[in-house]
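From a predicted model like this one, the values you see are computed outputs, not experimental measurements.
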Amino acid sequence: VHVDKFLKELNDIRHNSLYFMYADIDFFTDIKIELQKLEDYLIDTGNQIVDEEEQKDVFVQIQYMLERIYKLFNNKYIGN
């Protein structure tokens with residue numbers, strides 16, 4: 001259930017970023033790729049039963065992927 005909400009938010013980010021498809025296609029492509037990687041990972045891991053140790057690894061990986069997305073937006077915002 002929580003994965004569905006997360007996926008919806010990622011889809012909303014992609015939708016809200018469509019402006020960049022015309023204004024900065026390289027940025028848009030990078031965002032689209034990173035969002036898709038995270039969505040795929042969430043779907044793959046959401047369909048598995050994981051123990052506590054594996055769950056920790058999943059959360060670390062999700063955090064890493066989110067940081068990459070935030071970094072792309074931050075770099076765009078500050079002009080890098």
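Side-chain contact between Phe20 and Ile31 is absent, with no heavy-atom pair separated by less than 4.5 Å.
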Solution key, residues 50-59 side-chain donor-acceptor pairs under 3.5 Å, sequence neighbours excluded:
{"unit_1": "Asp51", "atom_1": "OD1", "unit_2": "Glu53", "atom_2": "N", "d": "3.1"}
{"unit_1": "Asp51", "atom_1": "OD1", "unit_2": "Glu54", "atom_2": "N", "d": "2.8"}
{"unit_1": "Glu54", "atom_1": "OE1", "unit_2": "Asp51", "atom_2": "N", "d": "3.1"}

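With values rounded to the nearest 0.5 angstrom, Leu35 atom CG is found 11.0 Å from Asp30 atom CG. Taking CG of Leu38 as the reference point, atom CD of Glu9 lies at 12.0 Å (rounded to 0.5 Å). Here the OH atom belonging to Tyr70 is positioned 13.5 Å from the CD atom belonging to Glu34, to the nearest 0.5 angstrom. For the atom pair CE of Met65 and OH of Tyr41, the computed distance is 7.5 Å after rounding to the nearest 0.5 Å.
By the criterion of side-chain heavy atoms lying less than 4.5 angstrom apart, applied directly or through intervening Ile, Leu, Val, Met, Phe, Trp or Tyr residues, Met21 is not grouped with Ile33; the two fall into different hydrophobic clusters. Cluster annotation: Tyr64 and Leu66 are assigned to the same hydrophobic cluster (Ile/Leu/Val/Met/Phe/Trp/Tyr, side-chain heavy-atom contacts under 4.5 Å, transitive). Connection of Ile25 to Tyr77 is not established within any shared hydrophobic cluster, with ILVMFWY side chains joined at heavy-atom distances below 4.5 Å, either directly or through further cluster members.
Applying the salt bridge (Lys or Arg N to Asp or Glu O under 4.0 Å) definition to pairs two or more places apart or across chains, those involving residues 39-49 are Arg14-Glu39.
When the salt bridge (Lys or Arg N to Asp or Glu O under 4.0 Å) test is applied to Lys71, no partner is found at least two apart in sequence or on another chain. Partners of Lys32 by salt bridge (Lys or Arg N to Asp or Glu O under 4.0 Å), not counting sequence neighbours: none found. Shown here are the side chain to side chain donor-acceptor pair (under 3.5 Å) partners of Lys76, two or more places apart in sequence or in another chain: Asp24. Applying the ring-ring contact (aromatic ring centres under 6.0 Å, His included) rule to Phe73 yields the partners Phe27; only residues at least two apart in sequence or on another chain are considered.
Ion pairing of Asp4 with Lys8 is absent here, as no side-chain N (NZ or NE/NH1/NH2) approaches a carboxylate O to less than 4.0 Å.
Remark: side-chain polar atoms of Asn16 are paired, donor with acceptor, to backbone N or O of Asp12 under 3.5 angstrom.
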